[in-house]
Structures are given as structure tokens and as C-alpha cells.
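To start, the structure itself, in C-alpha cells.
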Amino acid sequence: MIRIFFIATSAIFAISTSVFAQSGTVSFGAAPVDASSPVEVTADELSVDQTNGSAIFAGNVVAGQGDLRLSANQIRVEYLVENGAATGQIDRLLATGDVTLVNGAEAAEAQEAIYVIGSGEVVMTGNVLLTQGNNALSGEKLIVDLNTGKGRIVGRVRTVFQTGADQ
């Protein structure tokens with residue numbers, strides 16, 4: 001009887017593992033991010049390009065919006081452009097190099113990230129690692145909707161859940 005239970009449990013685990021091997025849904029952040037709140041950026045260096053409505057922050061860059069923190073080696077801020085001129089309203093942030101996104105107690109790391117302010121969507125790519133307490137998930141891409149706090153990891157997902165037995 002125990003053997004049948006073990007075989008059935010192993011089969012269910014194998015099926016659930018294969019379902020999530022290519023993508024998995026996760027939560028991210030304790031509360032939604034208010035896209036209308038100001039974005040504060042600090043960096044070692046800033047260069048502005050008026051012709052295409054962008055600014056590049058380089059060196060120890062940290063962008064914050066409410067409880068959300070995005071840090072990277074470089075963040076390019078792209079502004080909305082209307083009638084050929086930048087409006088001063090941020091459209092999106094493009095982060096590259098040692099990217100870390102923190103919202104509450106959860107953090108994600110990647111090589112690159114794109115944060116579209118209006119939609120509240122963040123797409124992180126390149127060796128993504130998401131930590132939630134003692135649990136860790138990794139994959140090729142993390143897509144997070146900051147409005148709902150829901151995310152999805154795509155591409156060869158690997159998960160480590162702590163059971164509490166050896167903590």
C-alpha cells in the first residue's frame with residue numbers, strides 16, 4: 001500500500017514538474033505599485049539626449065517608485081514623445097548589467113529589464129533568479145504585472161522550495 005502511494009505521488013510530482021518546466025506563475029510584491037507616483041533615480045553619471053527624449057543614468061543606478069526599487073549598472077529612461085518633443089513623462093526604463101528588482105520582501109535578479117511605467121509591466125531577461133523568502137525560482141524570463149502582483153517565469157524553470165525540515 002505504501003509503495004502504491006509512493007508511485008502515485010511520484011507520478012503526480014513528475015506530471016506537475018513537467019507542466020512547470022517551461023513556465024510557472026508566481027506572485028511578486030506585497031502591494032501593487034502606483035504608476036502615477038514619482039520615479040526617483042540616483043546614479044554616478046547622467047547624460048541626456050534631447051533629440052530622442054532619453055536620459056542615460058550610469059554607475060550604481062537605483063530607480064525607486066514607492067516600495068519598488070530597480071538597480072542596475074545602467075538605466076536608460078525613455079520619455080513619451082508627442083509632436084516630436086519629449087513630454088517629460090516617463091514611458092519606460094531600460095536597465096542593463098547586474099539588474100535587481102525589489103518589491104517588499106521579494107527580489108529578482110537578471111541581466112536586463114524593461115519597465116513600462118504606464119502598463120506596470122516589468123520584463124526581466126537573462127539568468128533570472130527570483131527569491132521569495134527561503135524559496136528560489138530561476139528561468140530565462142520573468143514577466144511581472146506590478147498592478148496585480150502576478151508574474152510568470154518562462155524558459156527552463158527551476159524551483160527550490162524549502163520544506164522547513166532543515167531550517
Side-chain angles (χ1 to χ4, degrees), residues 19-133 135-159:
V19 168
F20 291 106
Q22 294 303 315
S23 71
T25 303
V26 297
S27 64
F28 186 80
V33 175
D34 180 6
S36 66
S37 63
V39 175
E40 179 181 338
V41 182
T42 59
D44 294 337
E45 183 179 318
L46 167 65
S47 54
V48 178
D49 187 342
Q50 297 290 342
T51 59
N52 66 9
S54 69
I56 297 176
F57 293 86
N60 302 306
V61 186
V62 178
Q65 185 178 37
D67 290 334
L68 182 72
R69 295 288 174 267
L70 176 66
S71 62
N73 293 338
Q74 178 177 297
I75 295 180
R76 177 184 169 107
V77 178
E78 293 183 352
Y79 296 92
L80 290 173
V81 177
E82 293 178 2
N83 301 323
T87 64
Q89 184 178 356
I90 297 174
D91 181 30
R92 62 188 186 159
L93 304 176
L94 306 158
T96 56
D98 296 326
V99 177
T100 302
L101 180 69
V102 178
N103 191 4
E106 298 174 348
E109 299 174 10
Q111 293 173 353
E112 298 181 340
I114 299 172
Y115 173 23
V116 180
I117 303 291
S119 69
E121 181 179 80
V122 177
V123 177
M124 300 182 76
T125 56
N127 299 320
V128 175
L129 175 64
L130 172 63
T131 55
Q132 298 175 310
N135 300 319
L137 297 101
S138 65
E140 296 170 16
K141 182 189 291 187
L142 170 64
I143 304 160
V144 177
D145 182 339
L146 296 172
N147 298 314
T148 64
K150 294 184 180 178
R152 187 168 54 113
I153 296 183
V154 180
R156 204 62 201 144
V157 176
R158 181 170 183 245
T159 306

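Keep in mind that this is a model prediction, so the values were computed, not measured.
The side-chain heavy atoms of M124 and V144, taken from C-beta on, include no pair separated by under 4.5 Å. Here the side chains of Y79 and D91 are not in contact, with every heavy-atom distance at 4.5 Å or above. For the pair T42 and E40, the minimum side-chain heavy-atom distance is below 4.5 Å.
Note that CG of N103 is 10.0 Å distant from CZ of R69, once rounded to the nearest 0.5 Å. Between L129 atom CG and R158 atom CZ the span is 10.0 Å, to the nearest 0.5 Å. Atom CD of E109 and atom OG1 of T100 lie 5.0 Å apart (nearest 0.5 Å). Note that CD1 of I143 and CD1 of I114 are 11.0 Å apart. Values are rounded to the nearest 0.5 Å. How far OG1 of T96 is from CD of Q74: 4.5 Å, rounded to the nearest 0.5 Å. The structure places CG of N73 at 8.0 Å from CG of N60, a figure rounded to the nearest 0.5 Å.
Summarising the local packing, CG of D49 is surrounded by more than 12 heavy atoms from other residues, nucleotides or ligands at distances under 6.0 Å.
Between L70 and A95, the shortest heavy-atom distance links the atoms CD2-CB, 4.1 Å. Contact record, F57 with V61: O-CG2, 3.4 Å, taken as the closest heavy-atom pair. Here the closest heavy-atom approach between residue V122 and residue L101 is recorded as CG1-CD2, 3.8 Å. The heavy-atom pair separating S119 from N147 by the smallest distance is O-ND2, 2.8 Å. Across every non-hydrogen atom of I153 and G139, the tightest pair is CG2-CA, 3.8 Å.
The closest donor-acceptor contact from the side chain of N127 to the backbone of Q111 lies at 3.5 Å or more, if one exists at all. At least one donor-acceptor pair closer than 3.5 Å links the side chain of Q65 to the backbone N or O of S37.
For E78, the side-chain hydrogen bond (donor to acceptor under 3.5 Å, both in side chains) partners are R76, R92, not counting sequence neighbours.
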